[in-house]
Amino acid sequence: MAGSTEAGAEHVAEDGHEHRSRWPLIAAIGAASLYLGVGLVFVGLDLVPSVVPIVLGGAGAIGLLAGLAGWANEAFITDYLQNRVDGGSDLYATTMILFLVSDVATFSAGFVYYTFIRAGSWPPAHLPPLLGSLVAINTVLLLTSSLTLHYGHEALEGGNRRRFLGLLGVTLALGVVFLAGQVYEYYEFVAVEGFGIGSGAFGSAFYGLTGLHGLHVALGVLLLAIAFGRALRGHYTPERDTAIRTTSLYWHFVDLVWVFLVVVLYVGAAL
């Protein structure tokens, strides 16, 4: 235990000074730029040239991904390559929880907007049938992925590497299929039903909330893909599972938000 503490201290202060990372700031600036670009698409196209949201959104997405990649590399991969003890598990898990708590505010803003819509004239003039087999299948896929990830992590902690790899791979596949299902749902609504983001206030709320969630799922799939690639290289052991713990927290949060979204948006719209 003492050796783990000393190794963790060296990681934080190898030169006698507290280490400060620039990557969270880069990720935060990227996220702000991305959200601003998307927001301008919704409400600001008559205020700025159309190229502005594209540039802001594109640059923000690159900045967000670069910041998260650099942060993950600095927090997890560098430690492994330098054979440091994985002593910051609780710290990183707590940081992820704090991030998810702040992320609740992002989704809450969208749900508040939807609440104001429901308080007005209802139902909308053009409301396609939202509830269907595709929503049910996507929900089952996402909930199943939480179970496979949970039991995969348990397998890692129990030293069963083969089972861990299998369940982690299944979780990744389920996430990809969910995203494909959401893209197909969008195609059906837009091309077949004529229900797009410009279909009134409800259209903007629907695509804003489901699109925001889809962005979070896509990021989760990226995290799972990185974790799976590292798992194939043998980077994880029962004592080195911090990245799996934090990724699991994020993925379970995304699944929980989806359940709430289905109840409020899909089921709620039909009431």
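On a predicted model such as this, the values are computed, not experimentally measured, just so you know. Position 1 is the first residue of the sequence; numbering continues from there.
- Atoms CG and CD1, on Leu168 and Ile244 in that order, are 5.5 Å from each other to the nearest 0.5 Å.
- No side-chain heavy atom of Val257 sits less than 4.5 Å from a side-chain heavy atom of Asp103.
- Taking the side-chain contact (heavy atoms from CB on, under 4.5 Å) definition, one finds that Leu212 meets it with Tyr35, Thr106, Phe107, His216, sequence neighbours left out.
- For Leu224 against Thr171, the heavy-atom pair with the smallest separation is CD1-CG2, 3.8 Å.
- Between Tyr207 and Phe195, the distance separating the two ring centers is shorter than 6.0 angstrom.
- Side-chain contact between Val170 and Leu174: present, with at least one pair of heavy atoms (C-beta onward) separated by less than 4.5 Å.
- Shown here for Arg161 and Arg233, the closest heavy-atom pair between the two residues is NH2-N, 4.5 Å.
- Between the side chain of His213 and the main chain of Val254, a donor-acceptor pair closer than 3.5 Å is present.
- Note that CD of Glu157 is 11.0 Å distant from OG1 of Thr237, once rounded to the nearest 0.5 Å.
- Between Gly194 and Ser199, the shortest heavy-atom distance links the atoms O-OG, 3.7 Å.
- With rounding to the nearest 0.5 angstrom, the CG atom of Leu167 is 10.0 Å from the CG atom of Leu147.
- Glu185 contributes atom CD, which lies 8.5 Å from atom CZ of Phe178 (distance to the nearest 0.5 angstrom).
- Proximity of Glu188 to Glu193: side-chain heavy atoms (C-beta onward) are nowhere separated by under 4.5 Å.
- The aromatic rings of Phe111 and Phe260 stand perpendicular to each other, their planes meeting at an angle above 60°, with 30° marking the opposite boundary.
- Residue Phe228 comes nearest to Leu165 through the heavy atom pair CE1-O, 3.4 Å, listed as atom of the first residue, atom of the second, then distance.
- Both Val264 and Tyr113 sit in one connected hydrophobic cluster of ILVMFWY residues. Membership requires side-chain heavy atoms under 4.5 Å apart, directly or through other members.
- Distance check, rounded to the nearest 0.5 Å: OG1 of Thr148 to CZ of Arg163 gives 10.5 Å.
- Contact record, Ala205 with Ile117: CB-CD1, 3.6 Å, taken as the closest heavy-atom pair.
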Before giving the answer on side-chain contact (heavy atoms from CB on, under 4.5 Å), spell out for Arg240 and His235 the whole-Å C-alpha distance, their side-chain angles and the decisive distance to 0.1 Å. CA-CA 8 Å; Arg240 289 179 176 271; His235 286 199; over 6 Å; no

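- Scanning for side-chain contact (heavy atoms from CB on, under 4.5 Å) contacts around Thr210 gives Gln182, Tyr186, Phe206, Leu261, Leu265, Tyr266, with sequence neighbours left out.
- Tracing side-chain contacts under 4.5 Å through hydrophobic residues (I, L, V, M, F, W, Y), one reaches Val190 starting from Leu215; they form part of the same cluster.
- Both Tyr236 and Leu149 sit in one connected hydrophobic cluster of ILVMFWY residues. Membership requires side-chain heavy atoms under 4.5 Å apart, directly or through other members.
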Show the numbers, then the answer: is there a side chain to side chain donor-acceptor pair (under 3.5 Å) between Ser146 and Trp251? CA-CA 7 Å; Ser146 265; Trp251 192 253; 4.7 Å; no

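- Within 6.0 Å of CZ in Phe99 there are more than 12 heavy atoms belonging to other residues, nucleotides or ligands.
- Judged by distance alone, the side chain of Ser204 and the main-chain N or O of Ile197 form no donor-acceptor pair under 3.5 Å.
- Linking ILVMFWY side-chain heavy atoms closer than 4.5 Å, directly or via other members, places Leu34 and Val221 in a single hydrophobic cluster.
- Atoms OG and CD1, on Ser102 and Ile97 in that order, are 12.0 Å from each other to the nearest 0.5 Å.
- In terms of heavy-atom proximity, Leu127 sits nearest to Ala269 at CD2-O, 3.7 Å.
- Shown here are the side-chain contact (heavy atoms from CB on, under 4.5 Å) partners of Leu100, two or more places apart in sequence or in another chain: Met96, Leu249, Tyr250, Phe253.
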Please assess Asn160 against Leu156 for the test side-chain contact (heavy atoms from CB on, under 4.5 Å), listing each intermediate value before the final yes or no. CA-CA 6 Å; Asn160 191 335; Leu156 173 63; over 6 Å; no

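- There is no path of hydrophobic side-chain contacts, each under 4.5 Å, that joins Leu143 to Leu172.
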